[in-house]
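By convention in this document, chain letters (A, B, ...) are assigned in the order of the sequence lines, proteins followed by strands, and residues within each chain are numbered from 1.
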Number of protein chains: 2
Amino acid sequence: MTIHHHPKNEAPNKQLIDAVRAFNRFYTRQIGLLDEGLLKSAFSLTEARVLYELAHRDGLTATDLGRDLGLDAGYVSRLLKKFERHDLISRSTLVSDARQSSIALTPAGRNAFAPLNKDSHDQVAALLDRLPVSEQDRLVKSMRTIQALLDESAEPKIPYLLRPLQIGDIGWITRRQGMLYAQDYGWDETYEALVAEILAAFVKSFDPKWERSWIAERDGEVVGSVFVVRKSPEVAKLRLLYVEPSARGLGIGGRLVDECIAFARAKGYKTLTLWTNDILGSARRIYQAAGFKLIDEERHHSFGKDLVGQTWDLEL
Amino acid sequence: MTIHHHPKNEAPNKQLIDAVRAFNRFYTRQIGLLDEGLLKSAFSLTEARVLYELAHRDGLTATDLGRDLGLDAGYVSRLLKKFERHDLISRSTLVSDARQSSIALTPAGRNAFAPLNKDSHDQVAALLDRLPVSEQDRLVKSMRTIQALLDESAEPKIPYLLRPLQIGDIGWITRRQGMLYAQDYGWDETYEALVAEILAAFVKSFDPKWERSWIAERDGEVVGSVFVVRKSPEVAKLRLLYVEPSARGLGIGGRLVDECIAFARAKGYKTLTLWTNDILGSARRIYQAAGFKLIDEERHHSFGKDLVGQTWDLEL
DNA sequence: ACCATTTACTTGACTTAGTCAACTATATCG
DNA sequence: CGATATAGTTGACTAAGTCAAGTAAATGGT
């Protein structure tokens, strides 16, 4: 993955390290088992890997293959020479660089690869077939997660995108806010219930002309959200701003607030107001930066804690 | 994993197969990269794997090593002979079987293994260190999932367990119910809002003496839930029964309803009532099996659909 | 335009890692 | 007790991969 935000890490937890090492040992063996089944073919495992790359990507050079598969250049050279001798590949010198040549499978090469590919496919199919469908999904989802997290070369992804509310979001936001504030500030389950209540009311009385929601999504996961509701014809209220800890530092919070302000202005509201608690420092900094002014403070006891509530207004 | 429930599988989906193959190629490379760093040592990769096993498990025999690491018996024999020559291991013939011997690292063997182990540890630590902590957690969680799913020898796991509500649950249940009914029956976002509202009210007015919740959890994931609320001193109401599609067929639905009935009886309620919709067939079958009787039906328009609501009662 | 350096690939010489089959000693089954 | 299986060993072998030196083309700096 591309690292957009790299907080100062302490040395990673030993338990996590051991878990990763255990997985590596486990998966080394797992791959070994799958590969065993392919050994009967005329090709070695590495040859098969090379053929696979050639079958699936066009215009590769010898260096590309060596780099992507982690092979020695001399070894690649010999493999390719052998393939060429057997007429499995053809090479054409690049016009842009006469040292390199673009390698392609010949029809004969494709024919040779087909059974190999089928065997590998069938082997994986057999593996999956041992699991019920729901677990197949969990398996593949986990694999995709690992790949996305470890793949340095993943295409520079869009840091995040904003979209309106969808089904499933209000539950997710409820859950995440409930869990985060419980973890960070020790708030009890009534906070999660309050979020649920607010969001339920938002959906039920939603007036698209005067109200709006923004969900920040990254890699298909919700990482932040904010809501604007109509309090009166003159006053809009910003509610439930949150950004996932894992997505902080990307400016998502500020962006969400800016969207709210722009929307409130466009709709002709005179004031954008919001209510928060003084302990929520990072949210406060966002509001201040956006020009909100502290209007009022009052003590209250909520969510199992003594808190100081704050009202902030922005004149539009 | 041990397969408790193995529905008739069709041939697994090609997309899933390709995803698994992509992961295998990716992880082959990943392991290759990690292993490269260890090549400077005096030991080959396979030797290091053997040493690792010996360092972490006592009383292994040569056959055990060959089987667990997927190595040829002759090769193992030679590796062990070499280790013995360098005084890294000691072998003692088993009393139970004079052909086998139990292999143990000598102190010198442990010394030789230590730097190897440290290098591998550091390498993984460096890998993890590139990720923020939250992503480290996601990574390891995904690895554990894969391992649990693919490891045939994993201890037979508890199919599911029941526990009371925790923070984060009501959001999760809201989300999942909203998504499932949208997917299966085309209900709109007001259903999710209704669930949120009901659950918010449940938490806010929760009376532990007369009310209760049960969350079914499997592998740390919520896979079902049900709630009992007090409608009157005589009548308890069962609400929001649901079971994840992936966990159906384990009897979780029936179990949840049985818990509600037992609770309502124990508390001295006279009637357990519930409201549902006629299209929810699998829920209906559970209620019928538990002895509920259909009391009333009425048409209504909700969640963007024309529906037939049903009231079911069980006299306790 | 020219020279030093780098890159892409090739080749020869080599080592390491792993395989296979034959063999011994012991254990197990009926 | 004899047939068969298992644990481990060994010799003979091959496949797989490494390393260093070399050629030809490209690149960067002056």
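Sorted pairs that involve residues 70-105 of chain B and meet ring-ring contact (aromatic ring centres under 6.0 Å, His included), not counting sequence neighbours, are lacking altogether. Note on residues 85-99 of chain A: pairs passing salt bridge (charged side-chain N to carboxylate O under 4.0 Å, His left out), not counting sequence neighbours, are E84(A)-R91(A), D97(A)-R99(A).
R67(B) comes within 4.0 angstrom of no nucleic acid atom, judged by non-hydrogen atoms across all strands. Nucleic acid contact class of A73(B) (heavy atoms, under 4.0 Å, all strands): base.
Taking atom CG of residue D72(A) and atom C1' of nucleotide dT15(C), one finds them 13 Å apart after rounding to whole Å.
The pair R176(B)-E221(B) does not count as a salt bridge, with every side-chain nitrogen at least 4.0 angstrom from each carboxylate oxygen.
Remark: R29(A) pairs with no residue by the side-chain hydrogen bond (donor to acceptor under 3.5 Å, both in side chains) rule, at least two apart or across chains. With sequence neighbours left out, F23(A) forms a ring pair (Phe, Tyr, Trp, His ring centres under 6.0 Å) with Y27(A), Y27(B). Scanning for side-chain hydrogen bond (donor to acceptor under 3.5 Å, both in side chains) contacts around Q183(A) gives an empty result, with sequence neighbours left out. Here K81(B) pairs with nothing under the side-chain hydrogen bond (donor to acceptor under 3.5 Å, both in side chains) rule; sequence neighbours left out. Evaluation of the side-chain hydrogen bond (donor to acceptor under 3.5 Å, both in side chains) rule for D137(B) yields no partner, not counting sequence neighbours. With sequence neighbours excluded, the residues that form a ring pair (Phe, Tyr, Trp, His ring centres under 6.0 Å) with W214(A) are F263(A).
At a non-hydrogen distance threshold of 4.0 Å, nothing from residues 108-120 of chain B comes into contact with DNA chain D. DNA chain C lies under 4.0 Å from at least one heavy atom of each of the following residues of residues 74-84 of chain A: G74(A), S77(A), R78(A), K81(A).
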Distances under 3.5 Å only, N/O to N/O: pair up the protein atoms with those of nucleotides 23-30 of chain C.
from	atom 1	to	atom 2	distance (Å)
dT26(C)	O2	R99(B)	NH1	3.2
dA27(C)	OP1	A98(B)	N	2.9

Which pairs would a plain distance check flag for residues 43-50 of chain A, meaning a side-chain donor or acceptor within less than 3.5 Å of a matching protein atom at least two apart in sequence or in another chain?
from	atom 1	to	atom 2	distance (Å)
S44(A)	OG	T46(A)	N	3.3
S44(A)	OG	E47(A)	N	3.1
E47(A)	OE1	S44(A)	N	2.6
E47(A)	OE2	K82(A)	NZ	2.5
R49(A)	NH2	L69(A)	O	3.4

